[in-house]
Protein chains: 2
Amino acid sequence: MAGDKLFPFVTTDVALFTLDGDALRVLVVKRTNEPERGRWALPGGALKPSLDEDLAASARRVLAEKVRFDIPYLEQVCAFSGRDRDSRGWSISVLFYALLPKDRIDAVAGHKTEAIEWVDPDRPGRELAFDHDRQLAEALAQLRAKIEHDALPLHLLPDRFTLTELQRACEAITGEALDKSAFRRRLKLREGKEFVEVPGEFAEGAHRPAQYYRRTRGFRF
Amino acid sequence: MAGDKLFPFVTTDVALFTLDGDALRVLVVKRTNEPERGRWALPGGALKPSLDEDLAASARRVLAEKVRFDIPYLEQVCAFSGRDRDSRGWSISVLFYALLPKDRIDAVAGHKTEAIEWVDPDRPGRELAFDHDRQLAEALAQLRAKIEHDALPLHLLPDRFTLTELQRACEAITGEALDKSAFRRRLKLREGKEFVEVPGEFAEGAHRPAQYYRRTRGFRF
DNA sequence: GCAATAGTGTCTATTAGACAATATGGG
DNA sequence: CCCATATTGTCTAATAGACACTATTGC
């Protein structure tokens, strides 16, 4: 058995966030294997040292089983550990969060044998397996902390987006309404560095067309 | 051998910070065991699932071998991992940082067979073993990021301290000079919550005595 | 014109930085 | 009194929030 005496059992789990319309959502999957079979959990899986370059690669590999899209953004949150969090014995789970552009939400699907669901990260609506409720809370807290200070949720948006879409994305993450004018004022400072106008391209719609923007190459949070 | 196929080799490392006078310092130890014997490194050691409740407990146990003082503050930074970072094979190191009050700096000593040193975390002055240069940089970055927004370095100070000492500690961490007036103005908002005046107690000295303060019970960063 | 959304301008209360002024000890 | 440090006050420029205003489309 795995987590007996000398070595702990190591897994990676991923909180994959996206936007469903204007609402922030996180992916949960129904477990098809023991332990905790049939319960909902964050996607995750055992580290395979023979396959994985490092923990981040392990998380990407696990995620690739669910998502047909090369996840652009993956960030480590922290490690959870202990004797009791997994019935298989002393274990470590290294948690990551990842961001999926809203127009790629369909790239996520379960296998025939497993169910997936996008849920409100503040109220998953079900008790998650293992310590995944805590994990989710921690991932969400870090995502929010990050956006406060140095980040923009550009990775949740399509390749072309309007400033209003960007504002909605920020509001979805923080859960608070933002003032349009103040928001745009702040954006002016970052414009050119992390994203730029796409000259002459505008969103179609029933009302005044909105200027399109795009991420710049080499953009980082 | 350890990190072969199925299970990685797991260690914890600790960046232990303190103040030497007004300067921020971090503990490095000379390794007495293979691999990398004789090189300087952050203190660390192998996880022992039979002894350790979780990773934080493991870090505390490792640290207790060097420090005769119950470390009040220990925080996880992140995990480092991969096939090549440790010659023993596929490994994970979970990094923590800890804060030692400046008046307890003498509680740290090596065994007869090992040397210790307090070094400037910005310029350790020697190349550290494994990936500990990167680890140290990351720990320092997180310490600085934390102090920016929600933290005060109260854990680096003795039980009683003056506001000037607190300011010096903040400056030591950020590396930047702070304005006295603005600093105290900000402190007024936190006073009572995280620390309080000790009425009638003043620092002795050649000049005007300074009011002593102390941490409040149950204070958290 | 009207509704709806995009985008800009303005006013004000708050804040942060710079720096001056005052207070209090030891010699 | 002088010096060094503690502590407080003041001035000002920058900022953030609230909200009003203008612009542009489809109908």
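Sequence lines set the chain letters: A, B, ... in the order given, protein chains first and strands last, and positions in each chain run from 1.
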**Student:** If you pin A:T162 and B:R186 to their nearest nucleotides in DNA chain C, which one's is more 5'?
**Tutor:**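 Its nucleotide being nearer the 5' end, the pick is A:T162.
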**Student:** Check whether any side-chain N or O of B:Q211 sits under 3.5 Å from a backbone N or O of B:T162 as a donor-acceptor pair, and report yes or no.
**Tutor:**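 Flag not set: sc B:Q211 to bb B:T162 has no pair under 3.5 Å.
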**Student:** In whole Å, I'd like the distance from the CG atom of A:L166 to the C1' atom of C:dG7.
**Tutor:**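 Rounded to whole Å, this separation is 15 Å.
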**Student:** Measure across A:A129 and A:E36 and return the closest heavy-atom pair with its distance rounded to 0.1 Å.
**Tutor:**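 Result for this residue pair: CB-OE1, 3.4 Å.
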**Student:** Please state how far atom CD in B:E165 lies from atom C1' in D:dA6, giving the value in whole angstrom units.
**Tutor:**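 Atom-to-atom, B:E165 to D:dA6, this comes out as 13 Å.
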**Student:** Rounded to whole angstroms, how far apart are CZ on A:F183 and C1' on C:dT5?
**Tutor:**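 Distance, rounded to whole Å: 16 Å.
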**Student:** Over how many whole Å does the gap from B:E197 atom CD to D:dT7 atom C1' extend?
**Tutor:**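 It is 12 Å, rounded to the nearest whole Å.
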**Student:** Atom CD of A:Q211 to atom C1' of C:dT5: distance rounded to whole Å?
**Tutor:**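 Rounded to the whole Å, the gap is 15 Å.
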**Student:** Go through the steps for B:L42 and B:L16 under the test side chain to side chain contact (heavy atoms under 4.5 Å, CB included), then give the verdict.
**Tutor:** CA-CA 8 Å; B:L42 300 177; B:L16 178 64; over 6 Å; no
**Student:** Can you pull every protein N or O that's under 3.5 Å from an N or O on nucleotides 8-12 of chain D?
**Tutor:**
from: D:dG9; atom 1: O6; to: B:S181; atom 2: OG; distance (Å): 2.3

**Student:** Run the side chain to side chain contact (heavy atoms under 4.5 Å, CB included) test on B:K102 and B:D20 for me, step by step, so that the C-alpha distance in whole Å, both residues' side-chain angles and the decisive distance to 0.1 Å come before the verdict.
**Tutor:** CA-CA 7 Å; B:K102 61 192 292 192; B:D20 181 10; over 6 Å; no
**Student:** Atom OH of A:Y212 and atom P of C:dG7: how far apart are they, to the nearest Å?
**Tutor:**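 Taking OH of A:Y212 and P of C:dG7, I get 12 Å after rounding.
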**Student:** Check the distance between D:dA4's C1' and B:E204's CD and give it to me in whole angstrom.
**Tutor:**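 Roughly 16 Å, once rounded to whole Å.
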**Student:** Any side-chain heavy-atom pair from A:D54 and B:F80 closer than 4.5 angstrom?
**Tutor:**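 No. Closest side-chain heavy atoms not under 4.5 Å.
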**Student:** Do other residues, nucleotides or ligands put more than 12 heavy atoms under 6.0 Å from B:E53 CD?
**Tutor:**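 Result for CD/B:E53: open.
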**Student:** Using a cutoff of under 3.5 Å, can you pull out all pairs of nitrogen or oxygen atoms linking the protein to nucleotides 23-27 of chain C, with atom names and distances?
**Tutor:**
from: C:dA23; atom 1: N3; to: B:R208; atom 2: NH1; distance (Å): 2.9
from: C:dT24; atom 1: O4'; to: B:R208; atom 2: NE; distance (Å): 3.4
from: C:dG26; atom 1: O4'; to: B:A206; atom 2: O; distance (Å): 2.7

**Student:** Does B:R126 use its side chain to pair, donor to acceptor, with the backbone of B:W40 at less than 3.5 Å?
**Tutor:**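 Between the backbone of B:W40 and the side chain of B:R126 there is no qualifying donor-acceptor contact (under 3.5 Å).
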**Student:** Any idea how B:F161 and B:Y213 line up, ring-wise: parallel (<30°), tilted (30 to 60°), or perpendicular (>60°)?
**Tutor:**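 Taking B:Y213 first and then B:F161, their aromatic rings lie parallel (interplane angle under 30°).
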**Student:** Over how many whole Å does the gap from B:L178 atom CG to C:dT15 atom P extend?
**Tutor:**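 Rounded to whole Å, this separation is 19 Å.
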**Student:** I need the full list of salt bridge (Lys or Arg N to Asp or Glu O under 4.0 Å) pairs touching residues 133-145 of chain A, with sequence neighbours left out, sorted by first then second residue.
**Tutor:**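 Residue pairs with at least one partner in residues 133-145 of chain A: A:D122-A:R144.
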